[in-house]
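Note: hydrogens, waters and symmetry copies are ignored here, and every other heavy atom, side chains too, is used. Whatever order the structure lists them in is the order used to number ligands and atoms, beginning at 1.
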Amino acid sequence: MRTRPLKVALLGCGVVGSEVARIMTTQADDLAARIGAPVELAGIAVRRPGRVRAGVPADLLTTDATALVKRGDLDVVVEVIGGIEPVRTLITTAFEHGASVVSANKALLAADGAALHAKAAEHGVDLYYEAAVAGAIPLLRPLRESLAGDRVNRVLGIVNGTTNFILDRMDGTGAGYSEALDEATALGYAEADPTADVEGFDAAAKAAILAGIAFHTRVTIDDVHREGLTEVTAADIASARKMGCTVKLLAICERTPDGRSVTARVHPAMIPLSHPLASVREAYNAVFVEAEAAGRLMFYGPGAGGAPTASAVLGDLVAACRNKLAGVTGAGESAYTQLPVSPMGDVVTRYHISLDVADKPGVLAQVATVFAEHDVSIDTVRQQSRIQGGDETAVEQAGPRREGGEASLVVVTHRAPDAALSATVGSLRKLDTVRGVASIMRVEGE
Ligand code: HSE
């Protein structure tokens with residue numbers, strides 16, 4: 001084994017960074033044996049050096065991150081600060097000074113991954129970011145390396161733990177969105193400002209990274225159609241249950257059927273209870289990968305948290321250190337297919353639509369006509385009459401009809417382009433007999 005240590009700098013020492021520092025110290029001998037040389041923590045850039053960090057050597061702390069990455073003797077820089085700037089500049093500077101970079105920064109990679117990969121290649125160093133998507137779950141390396149000989153057609157996953165916790169609580173207890181969010185906040189799953197999670201930005205960044213790697217093309221967060229879960233109601237969850245489904249916030253990346261483009265989207269969707277993703281509880285993550293030769297693969301585990309995220313960071317650190325020692329770099333960006341990203345309107349999916357309608361003759365036919373006019377085929381229709389004290393009553397059992405009453409009509413469509421489904425809903429809203437569109441949700445995973 002080489003005795004001269006490889007030098008590593010850490011940018012950020014919060015929940016993840018302090019775990020990285022701790023494991024680097026406590027597992028130093030094992031890491032050295034696995035890499036073939038000792039690894040030395042050369043410096044840690046923090047904003048507040050006075051803060052006590054158990055197990056983190058105080059003499060390594062500095063507030064000057066720029067000077068740290070410019071040292072010139074670093075082998076690897078580990079970035080766990082997050083956000084776009086100043087991190088982009090720090091990472092670029094690290095490359096320019098010969099260091100490989102391990103990052104957990106999904107926002108930066110989803111916004112500017114191509115430029116960063118190009119910069120790393122220009123300087124003959126590595127850029128790894130396994131921790132950026134689904135925490136501890138080994139996912140990017142399997143997609144990039146283990147499946148490099150296969151053709152991935154679809155990636156479908158739960159990649160945000162906070163929102164999965166909220167939806168799991170809504171499903172399990174009948175709670176509304178706000179109540180479930182309050183519980184997630186109290187338990188530390190949701191941040192004080194939960195916008196990035198509940199509006200789907202976090203999942204959209206992860207979807208962009210997954211789509212780019214899976215389909216060997218470039219996808220940025222701006223290419224990802226995004227809908228959060230703030231509009232999901234307890235009634236939606238109850239409706240899903242009646243269909244034998246549950247609601248999950250899904251990240252879905254697909255090749256289009258003609259193979260000429262890809263799509264990437266994040267939105268709440270109903271999935272059948274029989275689908276493996278339906279059983280992903282609390283704040284866990286899981287990702288389904290469908291590849292031509294491999295078939296269906298599922299990756300499951302903790303998607304957040306200090307130690308789980310540090311596990312992914314350290315895996316990358318070992319890989320980057322091994323490459324440094326061997327004088328090589330690992331696989332860089334693979335974007336040779338140059339497949340364009342199609343808009344959401346081209347995605348073929350199914351809708352579950354719940355309408356409040358006038359309960360009088362001809363309304364069902366009128367509604368069905370609107371679907372037909374947009375070339376959208378109806379799979380099932382269920383009517384819940386409100387003239388019998390609010391109890392659900394099947395159409396044929398509705399009993400004596402009271403003219404002027406109201407009913408809920410639940411329509412589930414066959415697969416159709418999202419643009420056609422959305423236009424159908426637009427036309428339905430214009431019908432006098434449709435008093436309101438109570439909910440619209442896509443149905444996936446069948
Ligand atoms: N906020 C993320 C989540 C974890 O709830 O899954 C970091 O990506």
**Student:** Who's the nearest protein heavy-atom neighbour of atom 7 (C) of ligand 1, and how far?
**Tutor:**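 Here the closest protein heavy atom is Lys106 NZ, 3.2 Å.
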
**Student:** In terms of residue, atom name and distance, what is the protein heavy atom nearest to atom 4 (C) of ligand 1?
**Tutor:** Ala304 CB, 3.6 Å

**Student:** Quick one, Glu96 with Lys70, criterion salt bridge (charged side-chain N to carboxylate O under 4.0 Å, His left out). Give me CA distance, side-chain angles, the key distance, then yes/no.
**Tutor:** CA-CA 8 Å; Glu96 287 164 357; Lys70 280 185 173 174; over 6 Å; no

**Student:** Looking at His267, Arg442, Arg265, which hits side chain to side chain donor-acceptor pair (under 3.5 Å) with Glu227?
**Tutor:**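 Only one of His267, Arg442, Arg265 forms a side chain to side chain donor-acceptor pair (under 3.5 Å) with Glu227, namely Arg442.
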
**Student:** Does Gly161 reach ligand 1 with a nitrogen or oxygen that is under 3.5 Å from one of the ligand's nitrogen or oxygen atoms?
**Tutor:**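 N/O-N/O distance under 3.5 Å: yes.
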
**Student:** Could you check whether any heavy atom of Glu191 sits closer than 4.0 Å to an atom of ligand 1, since that is the contact criterion I want to use?
**Tutor:**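 It does not, in that no heavy atom of Glu191 comes within the 4.0 Å cut-off of ligand 1.
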
**Student:** If you measure every N/O of Tyr189 against every N/O of ligand 1, is any gap under 3.5 Å?
**Tutor:**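 No; the residue has no nitrogen or oxygen that sits under 3.5 Å from a nitrogen or oxygen of the ligand.
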
**Student:** Quick one: look up the protein heavy atom nearest atom 1 (N) of ligand 1 and list residue, atom name and how far away it is.
**Tutor:**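 Atom 1 (N) of ligand 1 sits closest to the protein heavy atom Asp197 OD1, 2.9 Å.
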
**Student:** What closest approach, in Å, do Ala208 and Thr220 show between heavy atoms, and which atom pair accounts for it?
**Tutor:**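 Residues Ala208 and Thr220, closest heavy atoms: CB-C, 3.6 Å.
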
**Student:** For ligand 1, is there an N or O atom under 3.5 Å from any N or O atom of Asn285?
**Tutor:**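 Between Asn285 and ligand 1 (N or O atoms, distance only) the closest approach is not under 3.5 Å.
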
**Student:** Closest heavy-atom contact between Arg260 and Asp258?
**Tutor:** N-OD1, 2.8 Å

**Student:** Looking at Tyr129 versus His117, is the centre-to-centre ring distance below 6.0 Å?
**Tutor:**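 Yes, the ring centres sit under 6.0 Å apart.
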
**Student:** At under 4.0 Å between heavy atoms, is it the side chain or the backbone of Thr309 that contacts ligand 1, or both, or neither?
**Tutor:**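 It is neither part, as no heavy atom is under 4.0 Å.
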
**Student:** Would you say Lys206 and ligand 1 have an N/O pair spaced under 3.5 Å apart?
**Tutor:**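 The answer is yes, given that Lys206 and ligand 1 share an N or O pair closer than 3.5 Å.
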
**Student:** Among all protein non-hydrogen atoms, which one is nearest to atom 5 (O) of ligand 1, and what is the separation to 0.1 Å?
**Tutor:** Thr162 OG1, 2.5 Å

**Student:** To the nearest 0.5 Å, what is the distance between NZ on Lys206 and NZ on Lys106?
**Tutor:**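 Taking NZ in Lys206 and NZ in Lys106, the distance rounds to 4.5 Å.
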
**Student:** Other residues, nucleotides and ligands only: do more than 12 of their heavy atoms fall within 6.0 Å of CD on Glu231?
**Tutor:**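 Open.
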
